[in-house]
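Since the structure comes first, as structure tokens, the remarks are kept for the end.
What you see below is based on every heavy atom in this structure, not just the backbone, and it leaves out hydrogens, waters and symmetry mates. Values in this document were obtained by computation on a predicted structure and should not be read as measured data.
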Amino acid sequence: MDQKQSPEDILDSLFVIPREVPKTILRNLLELIYDVKVSGSENIFESGGGLIISNHTDYLDIPVQGAYAERKIVYLGKYELYHPQEEIMAIINHKNSPFNYPPLSLTKPVIELLLNSLGTIVKKNLMHWGSMPIIRNAAGEGEMDKRAAMAYYEQLETYMVDLMKSGELLSIYPEGSRSETGELLPFKAMAAKLAIRAGVPIIPSGIVGATNMSKPKAFFTGDAFKTKIRYQIGKPILPSEFPTGPEKKAAKELTEILENRVRELMKEAEGNI
């Protein structure tokens, strides 16, 4: 006999939107505004854990990568994206809030229930579409806070390794921040370190043309419309091709390989403009 569905199971079935829906909408929106072309999609393997990396030039990099990939790519997002209700409830519960006094105070339990339900739906959909929450800015000012932050980021690395070992394709931008000029910034070693620890292939890729194209100025001037954005996906680098030796040394050498490969792919992408 079937077990009775829990409220969470009912929410899953009623409010979780299939990934193809936002993916199709996003792709059509991108193509309505920009001239987007993606090459090398066949290099994204259909299943199995892995790491896909790219240079990072604009907020557009993520939707271009995610919308044009056949399989789900996992992105790590800040905690607040998955709990939008908390900021609203903080305003409602503020000591000067009119919701602390009748008659509005009578509505607080209902509002809180509705907001928490909405937050649950948002979180479940984001995770279903290929996103995982993290907590950013874990480091505080005190020494204990810094130690706690270091422990947290070690746990976060383990979390990402476990995601890839479980068969997920994780996306990381090794530069660590967006390049305001479109020029490739030096790579940090974390991506290489994670791939080595997980023992999974790395898919290098490069994007050009997107720099500053999501900013309001690009729309006000008209520069954004039909600007050419090219995304080139390269062949996977297999674990058997990784440098050997101590992890720190191997990660440094692999990072150099990845940086050079992404630079080459950026040049290939420029050739498609």
Side-chain angles (χ1 to χ4, degrees), residues 17 19-41 43-44 52-70 72-82 84 87-88 91 122 125-126 129-134 136-137 169-188 191 203-234 258-273:
I17 301 170
R19 176 175 166 267
E20 287 302 317
V21 174
K23 177 183 170 182
T24 301
I25 293 173
L26 182 57
R27 188 165 175 169
N28 287 337
L29 182 60
L30 286 170
E31 292 179 351
L32 181 66
I33 301 172
Y34 309 100
D35 176 3
V36 182
K37 284 187 173 56
V38 178
S39 303
S41 296
N43 290 318
I44 299 180
I52 184 167
I53 65 166
S54 176
N55 59 310
H56 199 7
T57 65
D58 191 273
Y59 289 115
L60 285 170
D61 301 342
I62 294 173
V64 168
Q65 186 183 76
Y68 287 84
E70 291 300 320
K72 181 179 74 174
I73 297 177
V74 173
Y75 299 90
L76 299 182
K78 62 181 181 179
Y79 173 89
E80 291 79 6
L81 288 174
Y82 304 81
E87 187 173 348
I88 301 174
I91 296 172
V122 170
N125 274 287
L126 286 173
W129 298 338
S131 183
M132 294 289 180
I134 61 171
R136 290 184 177 176
N137 300 322
L169 178 60
L170 181 66
S171 175
I172 289 182
Y173 294 89
E175 291 164 288
S177 61
R178 292 185 303 278
S179 169
E180 294 294 332
T181 63
E183 296 295 323
L184 191 65
L185 301 175
F187 277 16
K188 301 183 185 303
I203 303 173
S205 60
I207 189 168
V208 296
T211 306
N212 298 323
M213 285 300 112
S214 68
K215 292 184 176 181
K217 180 180 178 181
F219 291 91
F220 292 147
T221 61
D223 291 342
F225 299 103
K226 294 306 174 183
T227 190
K228 294 180 179 179
I229 298 175
R230 300 294 181 261
Y231 182 47
Q232 185 75 36
I233 304 169
L258 296 177
E259 187 174 329
N260 289 332
R261 186 68 185 113
V262 169
R263 186 176 286 106
E264 292 170 359
L265 290 165
M266 290 171 63
K267 290 180 180 177
E268 289 182 33
E270 286 176 354
N272 293 329
I273 291 179

[X] and [Y] ion-paired at < 4.0 Å:
X: Lys267; Y: Glu270; result: no
X: Glu183; Y: Arg263; result: no
X: Lys217; Y: Asp223; result: no

Non-hydrogen atoms of [X] and [Y] that approach each other most closely:
X: Ser205; Y: Tyr231; result: OG-OH, 2.7 Å
X: Arg261; Y: Glu268; result: NH1-OE2, 3.7 Å
X: Tyr68; Y: Leu30; result: CE1-CD1, 4.1 Å
X: Gln65; Y: Ser171; result: OE1-OG, 2.7 Å
X: Lys215; Y: Glu180; result: NZ-OE1, 3.2 Å
X: Arg230; Y: Ile273; result: CG-CG1, 3.5 Å

Let me confirm one number: the [atom1]-[atom2] distance from [X] to [Y], rounded to the nearest 0.5 Å.
X: Glu20; Y: Lys72; atom1: CD; atom2: NZ; answer: 12.5 Å
X: Lys37; Y: Glu31; atom1: NZ; atom2: CD; answer: 9.0 Å
X: Ile33; Y: Leu60; atom1: CD1; atom2: CG; answer: 8.5 Å
X: Ile233; Y: Leu265; atom1: CD1; atom2: CG; answer: 9.5 Å

Would you say that [X] contacts [Y] through its side chain, given a criterion of any heavy-atom pair below 4.5 Å between the two side chains?
X: Ile207; Y: Val64; value: yes
X: Ile44; Y: Ile203; value: yes
X: Ile229; Y: Val208; value: no

Check your understanding: Under the criterion side chain to side chain contact (heavy atoms under 4.5 Å, CB included), which of Asn55, Val262, Ile53 is the partner of Pro174?
Key -> Ile53

Point to revise | Derivation and outcome, side-chain hydrogen bond (donor to acceptor under 3.5 Å, both in side chains), residues Thr211 and Asp58 | key: CA-CA 5 Å; Thr211 306; Asp58 191 273; over 6 Å; no

Review point. Using a distance-only test with no angle check, is there a side-chain donor-acceptor pair under 3.5 angstrom linking Thr57 and Asp61?
Key: yes

Review point. Do you see a donor-acceptor pair shorter than 3.5 Å between the side chains of Tyr173 and Ser54?
Key: no

Point to revise | Ring-ring centroid check Phe225 Tyr34, cutoff 6.0 Å | key: no

Exercise for review: For the pair Leu185 and Ser177, evaluate side-chain contact (heavy atoms from CB on, under 4.5 Å) and give the outcome as yes or no after the intermediate values.
Suggested key: CA-CA 9 Å; Leu185 301 175; Ser177 61; 4.0 Å; yes

**Study point:** Test ring pair (Phe, Tyr, Trp, His ring centres under 6.0 Å) applied to Tyr59 - qualifying residues, sequence neighbours left out
**Key:** none

Exercise for review: Please assess Gln232 against Asn272 for the test side-chain hydrogen bond (donor to acceptor under 3.5 Å, both in side chains), listing each intermediate value before the final yes or no.
Suggested key: CA-CA 9 Å; Gln232 185 75 36; Asn272 293 329; 3.1 Å; yes

